[in-house]
Number of protein chains: 2
Amino acid sequence: MSVQLTKGESAEMYIKAIGELTLEEALVPISTLASRLGISPVSATEMVHRIVEQGLVEHERYKGVRLTETGKRRAMLVLRRHRLWERFLTDKLKLPWEDVHDLACRLEHAVGTEVIDALVDFLDEPSSCPHGNPIPNSEGEFEYSDGVQLNTLRQGDEGVILRIHPESRDVLSFLAQKRIKPGAALSVIDVDDFDGLLTISINGVDQIIGQRIASHIVVAA
Amino acid sequence: MSVQLTKGESAEMYIKAIGELTLEEALVPISTLASRLGISPVSATEMVHRIVEQGLVEHERYKGVRLTETGKRRAMLVLRRHRLWERFLTDKLKLPWEDVHDLACRLEHAVGTEVIDALVDFLDEPSSCPHGNPIPNSEGEFEYSDGVQLNTLRQGDEGVILRIHPESRDVLSFLAQKRIKPGAALSVIDVDDFDGLLTISINGVDQIIGQRIASHIVVAA
DNA sequence: CCACGTTTATAGGCTAGCCTAAATAGTTAG
DNA sequence: CTAACTATTTAGGCTAGCCTATAAACGTGG
């Protein structure tokens, strides 16, 4: 039989998370990483040491971590697997938008290149996941179209939703319920800085959205 | 994020293996189990104790283990997941027969009922895996058509290959190379008891096969 | 420029799964 | 009935990942 389990799955979670957080800041504090992964800062520090040893990340003491070239490539390949599974789960298995992220998190570590390459063929080489995030190619490269977070827009601004990032279950299910998806055109009707609420119009319907949710919505610049 | 990994995957491997071995003998010795899983007898004993605690198996000291009703159901559901993934990998992703078993071993633990139910629909409710083994239904029930191991046949016997069981990479790749699959008609031309070799004719072609391989081929009675 | 908050390190501990070596208990054949 | 073999237990150890509590190092605002 011989099925080695668990070997380095955590490491993959770490570099994937670092890769995603790097989009916001070049140097990711370990504490940020820890809270993103729902792990104690001490444990995160330990793990960071391990993956530094493996040459996947660089650590600037008291500043944060950054992926090495090897690490970045590895992280992008995990993201690739994740987003391909998401496409499969939504397009082929017709599973709900808000479920596929968590499900893909479990599948992304399960199989390697052979299956993923076959999956790419099967899915006709998709270029983005159902939430609008680009799928890296087999070299780990991808293109990220410019956008700004919805919460930085002001009254009267208009745009088209590019993607939801980062993805998290509660945000996605909120958006699914409101039928807010990539591709939708929106305009900002009102910004309430005091309560941190935005009133926006999407597809002609007015919606009220909080800051936290808005920060996950990336709009074409 | 919160993705619990590894939790009880080993236990699933154990009960799956016991379930498969139970077809041959009602009471599976721990040593048999251990060698099937490629694990030391001591470790297997430890794990057996754990799954006895969980009420999944019964252990008769010095005799062997047997699945409880709960355990049997759980084991069959793992087998179900395994075989459905095998079908997906061969039918949809066009991956080779001999690869899909090991790949499915990694996928079978990754996701639960939601994905599996959707997969069943997507695959049009298949009734067997690519190697001819039946896929249990969502209650863990299945039908096993009667058959005998090829190595028990004598000269002149004829039959149709029902399934390859148990599945293991080396056996499957040997058979793939020889194009021996379920559904093929065969007749036994010669049995060499001394060397343990069988000469059989499959689809009009003569093939020489060893005892070990033959014991994995189940032929319609 | 120094106290305060943040970041990291140290120490000690836990669980799941695996390992080997050696002791013991049970089964069976001669 | 006992020797030989097999099955199991005991003892001791390992790694990966996580934890808490505490201590030390750093960097920055007043």
Side-chain angles (χ1 to χ4, degrees), chain A residues 1-18 21-22 24-66 74 78 105-106 108-110, chain B residues 1-18 21-22 24-66 74 78 105-106 108-110:
Chain A
M1 297 290 259
S2 91
V3 179
Q4 270 303 328
L5 302 158
T6 253
K7 199 68 176 187
E9 284 188 22
S10 284
E12 288 195 341
M13 294 297 285
Y14 276 79
I15 59 172
K16 186 182 115 184
I18 297 169
L21 292 167
T22 295
E24 281 134 50
E25 279 166 291
L27 216 46
V28 181
I30 290 185
S31 51
T32 307
L33 184 57
S35 71
R36 160 55 96 86
L37 292 169
I39 274 165
S40 81
V42 181
S43 302
T45 305
E46 271 184 350
M47 188 50 136
V48 162
H49 291 330
R50 279 189 281 248
I51 56 183
V52 164
E53 302 265 286
Q54 293 175 49
L56 298 173
V57 301
E58 288 162 0
H59 181 202
E60 284 189 23
R61 275 163 138 263
Y62 297 95
K63 299 285 180 57
V65 292
R66 178 194 305 117
R74 285 273 291 276
V78 178
C105 278
R106 321 191 125 260
E108 73 193 10
H109 309 291
Chain B
M1 299 287 261
S2 90
V3 180
Q4 270 305 327
L5 302 159
T6 253
K7 198 69 175 186
E9 284 188 22
S10 283
E12 288 196 342
M13 294 297 286
Y14 276 78
I15 59 172
K16 185 182 112 183
I18 296 169
L21 291 167
T22 295
E24 282 134 50
E25 279 167 291
L27 216 46
V28 181
I30 291 185
S31 51
T32 307
L33 184 58
S35 71
R36 160 56 97 83
L37 293 168
I39 276 165
S40 80
V42 180
S43 303
T45 304
E46 270 184 351
M47 188 50 130
V48 163
H49 290 331
R50 268 174 252 170
I51 56 183
V52 165
E53 302 265 288
Q54 293 175 49
L56 299 173
V57 301
E58 288 162 359
H59 182 199
E60 285 189 23
R61 275 164 136 261
Y62 298 95
K63 298 285 180 56
V65 291
R66 178 194 306 117
R74 286 273 291 275
V78 178
C105 277
R106 320 191 126 261
E108 73 193 12
H109 308 291

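B:S40 comes within 4.0 angstrom of a base, heavy atoms only. Residue-level contact check: B:S31 touches the backbone only, with heavy atoms under 4.0 Å from sugar-phosphate atoms and none from bases.
Separating the CE atom of A:M13 from the C1' atom of D:dA16 is a distance of 16 Å, rounded to the nearest angstrom. Rounded to an integer number of Å, the gap from A:I39 CD1 to D:dA16 P is 16 Å. We find that CD of B:E12 is positioned 16 Å from P of C:dA16, with the value rounded to whole Å. Atom CD1 in B:I30 sits about 11 Å away from atom C1' in D:dT9, given to the nearest Å. Remark: P of C:dT6 and CD of A:E60 are 21 Å apart, rounded to the nearest angstrom. Between A:L33 atom CG and C:dT7 atom P there is a gap of 12 Å when expressed in whole angstrom units.
By the side-chain contact (heavy atoms from CB on, under 4.5 Å) test, A:H49 pairs with A:T45, A:H59, sequence neighbours left out. Residues that satisfy the side-chain contact (heavy atoms from CB on, under 4.5 Å) test with B:E46, not counting sequence neighbours, are B:R50. Looking at residues two or more places apart in sequence or on another chain, you find a side-chain contact (heavy atoms from CB on, under 4.5 Å) between A:A11 and A:M47, A:I51. The side-chain contact (heavy atoms from CB on, under 4.5 Å) check on B:V42 picks up B:S40, with sequence neighbours excluded. With sequence neighbours left out, the salt bridge (charged side-chain N to carboxylate O under 4.0 Å, His left out) criterion links B:R66 to B:E58, B:E60.
Phosphate proximity of C:dG17 to B:S43: absent, as no side-chain N or O sits under 4.0 Å from OP1 or OP2. OP1 or OP2 of C:dT7 has not a single side-chain nitrogen or oxygen of A:H59 nearer than 4.0 Å.
Among the nucleotides D:dC18, C:dC18, C:dT8, the one closest to any side-chain atom of A:Y14 is D:dC18. The listed nucleotides are D:dA21, C:dG17, D:dT9; the one nearest the side chain of B:S10 is C:dG17.
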Letter per nucleotide, 5' to 3', of nucleotides 24-30 of chain C [B base touched, S only sugar-phosphate touched, - untouched; heavy atoms, 4.0 Å]: -BSS---
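Within the structure, no pair that satisfies the salt bridge (charged side-chain N to carboxylate O under 4.0 Å, His left out) test touches residues 26-35 of chain A, not counting sequence neighbours.
In this structure, the side chain of B:T22 engages the main chain of B:I18 through a donor-acceptor pair within 3.5 Å.
Only B:E46, B:M47, B:R50, listed by number, bring a heavy atom of residues 45-53 of chain B to less than 4.0 angstrom from any atom of DNA chain C.
Side-chain contact between A:I39 and A:L33 is absent, with no heavy-atom pair separated by less than 4.5 Å.
Using a 3.5 Å distance cut-off with no hydrogens or angles, the side chains of A:E12 and A:H109 do pair a donor with an acceptor.
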